[in-house]
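Both counts, for ligands and for their atoms, begin at 1 and track the order of listing. All heavy atoms count here, side chains included; hydrogens, waters and symmetry mates do not.
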Amino acid sequence: MPGKVAKIGTFSDWVGLFNDWRKEIGVNTDDIEAFKFDTLYGAIETDDIEFGHYKGRRKWENLRQVPTQQMRDALMNMIVYQGDTEFASVEQQRNLLENAPTDWDRRAITRVMIEEMRHGWQMCALLIDHFGYSGKVEAQKMLERRAFENKRLLGAFNVDVDNWMDFFTYTDFVDRDGKFQLQMLKFSAFAPLGRSMSYMLREEAFHMGTGNDGLRRIVEAGIIPAWLIQKYLNKWISSSYDLFGTDHSSSAHWAYVWGIKGRYDEPKNDKAADLDDLNDYNRNLYRDEVAGLIERFNSSLKPGEPKLYAPNIKFNRFIGRWANQQFHAQTGEPLDGHAYEEHLKEYMPTVADKKLLLEIIETEKKWIAEKAGARDPLATIGEVRKSAINI
Ligand SMILES: [Fe+2]
Ligand SMILES: [Fe+2]
């Protein structure tokens, strides 16, 4: 936003805005209020640039060492997009704190929210510490956009997450996209970004675990029919495919050449990268991981229930080569206009489906199996800190 004036001079000014934001969106419960937020870094495997044009040179510790302004801009842009998703997810989930299915789940979502806020905090700390005046403006804008006003930067982060089926599907699959993005940035030539990601990935594991185990508990309870669960898988997994970005993306191409963002399997992959198809390469790795997880749910399904699956990579896409076309959710076959309209009603949650879901959640106390033998998420939240290298 040209001409935007920064209200903040220092990071502690930004913390003041962050405290106001928490109160404004209504997530400042006692547990969250009591949490001490910090900027935390984890270890990275190597101080040498791992891929791209500068491979083998020392990673950059500050912006002066980054060779060109274009590269600095690309880095800042990635940090802004990452941070935006973190605050957005808290805004999306803000109404779920009061109606958690069990006390364990309430404490789990509290922890997820705390950690997402800390991720947003971490990105803003990078912006303010390294990116001068424009970094301060961006860190401020990060707390001015709102998911529920449709202002967050990526589509999936403006959608409501207003029931617990959404929450578990979201944390299993949208947070898993998050894991992929963090891992790709962990290999970054900009070392403070890589170290941030290294630590954040440890926190992220809890979110995906909560989601995956929540879905397993739902499948195991056997109250919500599999066809309805499948619709929620279709909704969130198809939008996660989009989060990997366009095909033939030139920004992904340059981010790789410049050493800013690697492939998800970068250190293990000794083949030369196809620079023209990086986003789709990573998207397919994501799809494989998701398909494997869903296959495991199938062993807990009641007999006679249809098997769950990851939607076809072409289904319900709005970004990339399959965008705005009409394909079958399971088989990927092309469908014509009328057939597709009917298909969407059968394969995506409708207003009536949501009503049914909410009725089940309200009236069937056992719609989700108990969380057996798990430790208190808020008692264990501090354990990750032992891996921080800066405290
Ligand atoms: Fe996060
Ligand atoms: Fe997360």
Check this for me, if you would: do [X] and [Y] make a salt bridge, where the nitrogen-to-carboxylate-oxygen distance has to be below 4.0 angstrom?
X	Y	value
Lys179	Asp175	no
Asp265	Lys268	no
Lys345	Glu341	no

> Glu204: which N/O/S atom is nearest the Fe ion (ligand 2)?
Replying inline: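 Restricting Glu204 to its N, O and S atoms, the minimum distance to the Fe ion (ligand 2) goes to OE2.
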> Parallel, tilted or perpendicular for Phe157 and Tyr170, by the 30°/60° rule?
Replying inline: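 Because their plane-to-plane angle is over 60°, the rings of Phe157 and Tyr170 count as perpendicular.
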> Does the shortest distance from the Fe ion (ligand 2) to an N/O/S atom of Asp175 fall below 2.8 Å?
Replying inline: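 So Asp175 counts as coordinating the Fe ion (ligand 2), yes.
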> Is it true that some N/O/S atom of Glu86, main chain or side chain, lies under 2.8 Å from the Fe ion (ligand 2)?
Replying inline: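 Of the N, O and S atoms in Glu86, none lies under 2.8 Å from the Fe ion (ligand 2), which means no.
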> So which N/O/S atom does His119 have closest to the Fe ion (ligand 1)?
Replying inline: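 Checking each N, O and S atom of His119, the shortest distance to the Fe ion (ligand 1) belongs to ND1.
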> Does the shortest distance from the Fe ion (ligand 1) to an N/O/S atom of His207 fall below 2.8 Å?
Replying inline: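 Of the N, O and S atoms in His207, none lies under 2.8 Å from the Fe ion (ligand 1), which means no.
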> From the Fe ion (ligand 1) out to just under 2.8 Å, does an N/O/S atom of Glu116 turn up?
Replying inline: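 Of the N, O and S atoms in Glu116, at least one lies under 2.8 Å from the Fe ion (ligand 1), which means yes.
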> Under 3.5 Å, is there a donor-acceptor pair linking the side chains of Asn284 and Arg287?
Replying inline: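 No, because no side-chain N or O of Asn284 sits under 3.5 Å from a partner of the opposite role on Arg287.
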